[in-house]
Amino acid sequence: MKKKKILSKPLCMTLLICAFAYGLILPFCWGNNPLEPNGTLSLLCENRKAFFWVWALLNGLGSVLNVQYMYDKLGNKKRYLDVLNILTFLSIIMIALTLGHSISDWNPKRVAHWVATGGYIAFLVASMLLYFLSNIRRQKLFVVLSACIAGILALFLILFVGIGKSGIMEIVPNALLQIMLFVVNFTSAAKLKEGTPTALKKSGTSVK
């Protein structure tokens, strides 16, 4: 089956690389220190919203389309995962829409920003982890991928507890997740072995 044009390899790869590079550069602009509590992207860009929107769109589209590309490459996707992908993208759009809120109290805009941030993390991780876990009996590859996602999530929690709210908490886990998607989608490191279960052939197509 011919894959959709929107899931073309050049598009997905370009979005992922651009999101990765932009996500590493932006937090250090204008003398910002990502290690400080006020060094987060939302505070850095509260008066530079255009730069944040570029980050949000690159990361949102880069993540969602590459997760979809991964589903097509490895096969056996469940339909509910598409819903998680949609919620992932809507969450990062909501993060951008609630930029520029006061941090002096827990006002509605600030609460919405945090809820959207938590939603983006939860929906993105779930869209990958649930997919890996649902296929874990197929091949050992999915055991490794599940462990990688769990490790990235654990690192995020360690940074959040150990350092607190900071830009590093955003940069490192996000970059690792993008590297993981790149390796899975565009290298032979995450290649299915021959002789996959018959059930796989009935659902999902393989991207070559």
Side-chain angles (χ1 to χ4, degrees), residues 15-67 84-130 132 145-183:
L15 279 172
L16 195 60
I17 292 173
C18 289
F20 176 79
Y22 193 78
L24 289 181
I25 295 171
L26 184 60
F28 294 94
C29 291
W30 304 289
N32 186 58
N33 182 0
L35 283 171
E36 295 180 352
N38 291 330
T40 61
L41 283 178
S42 58
L43 292 177
L44 171 66
C45 296
E46 61 181 355
N47 295 316
R48 307 178 180 94
K49 293 184 180 180
F51 291 92
F52 192 89
W53 272 102
V54 172
W55 177 86
L57 291 174
L58 283 176
N59 277 270
L61 290 173
S63 297
V64 168
L65 292 185
N66 272 278
V67 169
L84 292 175
N85 284 165
I86 293 171
L87 292 173
T88 297
F89 186 72
L90 291 178
S91 294
I92 203 167
I93 294 301
M94 182 58 67
I95 293 173
L97 288 173
T98 53
L99 204 65
H101 55 270
S102 172
I103 60 173
S104 61
D105 60 2
W106 285 99
N107 53 82
K109 194 173 183 180
R110 187 184 185 192
V111 172
H113 185 81
W114 276 81
V115 169
T117 301
Y120 175 72
I121 296 169
F123 294 134
L124 178 57
V125 170
S127 70
M128 299 179 70
L129 184 57
L130 292 179
F132 296 148
L145 294 176
S146 298
C148 289
I149 285 290
I152 293 172
L153 182 59
L155 176 61
F156 170 78
L157 295 174
I158 290 171
L159 290 173
F160 183 68
V161 174
I163 300 178
K165 182 173 69 71
S166 67
I168 292 297
M169 178 189 73
E170 302 170 329
I171 299 170
V172 177
N174 197 45
L176 290 175
L177 193 68
Q178 290 165 341
I179 291 172
M180 178 183 174
L181 279 171
F182 187 91
V183 171

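When a residue number appears, it is its place in the shown sequence, counting from 1. The figures here come from the full heavy-atom set of this structure, side chains too, leaving out hydrogens, waters and symmetry mates.
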Atom pair CG/CG of Leu177 and Leu155 - distance to nearest 0.5 Å = 11.5 Å
ask   = Do Asn59 side-chain atoms and Trp55 backbone N/O form a donor-acceptor pair below 3.5 Å?
value = yes
With a 3.5 Å cut-off and sequence neighbours excluded, list the donor-acceptor pairs that the side chains of residues 17-27 form with protein atoms.
unit_1, atom_1, unit_2, atom_2, d
Tyr22, OH, Phe51, O, 2.9

message = Between His113 and Leu97, is there a side-chain heavy-atom distance shorter than 4.5 Å?
response = no
message = Using every non-hydrogen atom in the two residues, find where Phe52 and Cys45 come nearest and quote the distance to one decimal.
response = CB-CB, 3.7 Å
query = Out of curiosity, Trp114 CH2 to Ser42 OG, how far, rounded to the nearest 0.5 Å?
reply = 8.0 Å
inquiry  = Test your reading of the model: is there a side-chain donor-acceptor pair from Asn32 to the backbone of Leu44, 3.5 Å cut-off?
reply    = no
message = In the structure I gave you, are the side-chain heavy atoms of Tyr120 and Met94 within less than 4.5 Å of one another anywhere?
response = no
task = Output yes when a side-chain donor or acceptor of Ser127 lies under 3.5 Å from a complementary backbone atom of Leu124, and no otherwise.
result = yes
inquiry  = For a 4.5 angstrom cut-off between non-hydrogen side-chain atoms, does Ile149 reach Met180?
reply    = yes
message = Nearest 0.5 Å, please: how far is CD in Gln178 from OG in Ser63?
response = 6.0 Å
message = Whether the side chain of Asn107 engages the backbone of Asp105 through a donor-acceptor N/O pair (distance < 3.5 Å, no angle test) should be reported.
response = yes
Exam field: side chain Glu170 to backbone Leu41, donor-acceptor pair closer than 3.5 Å = yes
key: From CG (Leu57) to CG (Leu15), nearest 0.5 Å   = 10.0 Å
ask   = Which distance, rounded to the nearest 0.5 Å, do you find between the OG1 of Thr88 and the CD1 of Ile121?
value = 11.0 Å
inquiry  = List the residues meeting side chain to side chain contact (heavy atoms under 4.5 Å, CB included) with Leu90, not counting sequence neighbours, and say none if there are none.
reply    = Ile86
request  = Give, for atom CG of Leu176 and atom SG of Cys148, the distance between the pair rounded to the nearest 0.5 Å.
outcome  = 10.0 Å
Side-chain heavy atoms of Ile171 within contact of Phe28, under 4.5 Å = yes
ask   = Any donor and acceptor pair, going by atom type alone, linking the side chain of Lys109 with main-chain N or O of Leu99 inside 3.5 Å?
value = yes
remark   = When every non-hydrogen atom of Ala112 is compared with those of Thr98, the smallest separation belongs to CB-CG2, 3.8 Å
query = Val172 and Leu159: which non-hydrogen atoms are nearest, and at how many Å?
reply = CB-CD1, 4.2 Å
